[in-house]
Structure formats: structure tokens, C-alpha cells
Amino acid sequence: MVNFLRKTWLALSLILLCTGVHAEVYSDVSGGTEWRFDTETGVLTISKGEKYESGWLSRCPDYDAGVTHDYDTEWESDGYGVSCEKNVEIILGRDNRDDWHKYSSQITSIVVEEGVTEIGNAAFRKLSNVTSVSLPTTLTTIGYEAFRGCSKLDSIYIPKNVCTLKDRWATDCSELSVIEIDPENQCYFVDQYGAVYD
């Protein structure tokens with residue numbers, strides 16, 4: 001009986017191994033950026049997009065390539081609106097951000113590629129399993145609450161061209177113990193205690 005159970009367990013293990021979950025790659029657009037998420041690696045990659053001629057962005061002909069959406073959930077309405085002037089998508093009355101948030105529990109790393117200039121408000125908020133973030137030298141702005149609630153993120157490196165860190169950009173990050181600022185950054189510095197100043 002023991003041998004039968006061992007053989008059965010081994011056979012089931014081999015079947016599960018051979019028919020295991022296949023990695024999937026999901027992608028879409030976010031304002032003037034494109035994103036892709038690989039379920040096998042856990043990496044969310046944000047790259048510079050193009051100006052789009054279809055969908056709701058067709059109403060915003062000057063929408064900036066390289067700028068992610070801003071998300072604002074402070075409104076007391078259930079409407080929906082787009083501001084071309086501010087590169088903002090407002091989902092009013094509910095906490096609804098880009099489709100990558102469907103995979104929030106699987107995302108462990110964020111890579112923002114060269115060419116992206118702004119990370120929008122609340123873009124990566126509550127991605128609680130993210131442990132690493134890579135930001136490009138082209139980045140100039142990190143939005144309000146962009147990394148809020150990334151509770152496993154322990155360090156972040158701010159590139160030289162970032163001159164706008166909006167309020168609460170990295171609050172509720174309980175493991176965040178190291179914030180490094182590029183030595184060539186003329187806008188911010190970190191003191192001996194790890195506090196960021198402009």
C-alpha cells in the first residue's frame with residue numbers, strides 16, 4: 001500500500017510539474033505610457049508610449065508621451081472625466097486605477113524605463129508585495145501617493161532629474177529604510193537620518 005501511495009504521489013507530482021501554470025504577460029496603455037506585467041517574474045514594466053489616435057485619448061491630441069495617468073479618488077461623485085490639460089484620468093468616487101492593479105498581489109518589482117518622465121498620482125499605491133523599484137534618469141516627477149502603501153519596499157533610488165516629489169509620495173511604506181538621491185540631483189538631498197529635503 002505504501003509503495004502504491006508513493007507511486008501515485010510521484011505520478012501526480014510529475015503531472016502537476018508538466019502542466020504547471022504557464023506564465024502570462026499582460027499589457028495595456030496608461031496615458032502616455034505602456035505597461036506590461038509578466039506573471040512568471042512578477043515584474044511590472046512601464047515604458048514610454050506614443051500619442052494615441054483612438055479611444056478617449058483621441059480627445060487629447062497633445063497628450064504627453066512618457067506620462068502615466070494621475071488618479072484622484074477624493075471626489076464625492078460617481079462620474080467619470082478626463083482632463084486633457086493635466087493629463088489626468090479621474091475615476092470619481094471609487095479607488096480604481098490602471099488594469100495592472102488587477103495583479104497587485106503578484107507584482108513584486110516595478111521597472112520604469114528610460115523615456116518615462118512622470119509617475120502619476122497614486123500610480124503604484126497599495127502594491128504591497130513590491131520589494132524593488134527601478135526609476136529612469138528621464139523621470140522628473142513622482143506624483144502624490146505614487147508609492148503609498150508599498151509596505152515591502154525597503155529602498156528606493158531617486159534619479160538626478162527628479163525635481164518634483166509630491167506630498168506623501170512614499171508614505172505607509174513600513175519597510176522603507178533607505179532613500180538614496182542621485183548625487184547630481186540639484187533639487188533634493190537626504191540628511192544623515194534619512195530624511196529628504198529640497
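Quick caveat, the model's predicted, so the values are computed rather than measured.
Atom OG1 of Thr141 is separated from atom CG of Asn161 by 10.5 Å, given to the nearest 0.5 angstrom. The CG atom of Leu44 sits 7.5 Å away from atom CZ of Phe37, with the distance rounded to the nearest 0.5 Å. Taking CD from Glu118 and NZ from Lys166, the interatomic distance works out to 7.0 Å, rounded to the nearest 0.5 Å. Taking CD1 from Ile156 and CD1 from Ile181, the interatomic distance works out to 9.0 Å, rounded to the nearest 0.5 Å. For the atom pair Thr108 OG1 and Leu153 CG, the distance stands at 11.5 Å (nearest 0.5 Å). Here the CD1-OG1 distance, from Ile142 to Thr164, works out to 9.5 Å after rounding to the nearest 0.5 Å.
At least one donor-acceptor pair under 3.5 Å links the side chain of Glu114 to the backbone N or O of Thr137. No side-chain donor-acceptor contact under 3.5 Å links Asp172 to the backbone of Arg148. With hydrogens and angles disregarded, a donor-acceptor distance shorter than 3.5 Å links the side chain of His101 to the backbone of Ala123.
With sequence neighbours excluded, no residue forms a side-chain hydrogen bond (donor to acceptor under 3.5 Å, both in side chains) with Asp154. Residues that satisfy the side-chain hydrogen bond (donor to acceptor under 3.5 Å, both in side chains) test with Lys152, not counting sequence neighbours, are Asn129. With sequence neighbours excluded, no residue forms a side-chain hydrogen bond (donor to acceptor under 3.5 Å, both in side chains) with Thr41. By the side chain to side chain contact (heavy atoms under 4.5 Å, CB included) test, Pro159 pairs with Leu135, Val162, sequence neighbours left out. Under the ring-ring contact (aromatic ring centres under 6.0 Å, His included) criterion, Tyr188 pairs with no residue, sequence neighbours left out. Partners of Ser132 by side-chain hydrogen bond (donor to acceptor under 3.5 Å, both in side chains), not counting sequence neighbours, listed by chain and number: Ser109. Remark: Tyr26 engages Tyr103 in a ring-ring contact (aromatic ring centres under 6.0 Å, His included) (not counting sequence neighbours).
The minimum heavy-atom distance linking Ser47 with Glu113 is given by the pair CB-OE1, 3.1 Å. Closest approach of Lys48 to Val116, counting heavy atoms only: N-CG2, 3.6 Å. Asp198 and Phe189 make their closest contact through O-CE2, 4.1 Å (heavy atoms, listed as atom of the first residue, atom of the second, distance). The two residues Thr39 and Glu24 come nearest to each other via the heavy atoms OG1-N, 2.6 Å. Listed here is the closest heavy atom pair of Ala146 and Ile119: CB-CG2, 4.0 Å.
For residues 174-187, the side-chain hydrogen bond (donor to acceptor under 3.5 Å, both in side chains) pairs, not counting sequence neighbours, are Tyr157-Asp182. A disulfide (SG to SG under 2.5 Å) check over residues 168-198, counting only residues at least two apart or in different chains, returns the pairs Cys163-Cys187. Sorted by first and then second residue, the disulfide (SG to SG under 2.5 Å) pairs with a member in residues 101-152 form an empty list; sequence neighbours excluded.
Hydrophobic cluster membership for Val25: none, as no Ile, Leu, Val, Met, Phe, Trp or Tyr side chain comes under 4.5 Å of it. Val43 forms part of a hydrophobic cluster together with Val111, judged by ILVMFWY side-chain heavy-atom separations under 4.5 Å.
For Glu40, the CD atom is loosely surrounded, since the number of other residues' heavy atoms within 6.0 Å does not exceed 12.
Cluster membership check: Val196 shares its hydrophobic cluster with Val133, using side-chain heavy-atom separations under 4.5 Å among Ile, Leu, Val, Met, Phe, Trp and Tyr.
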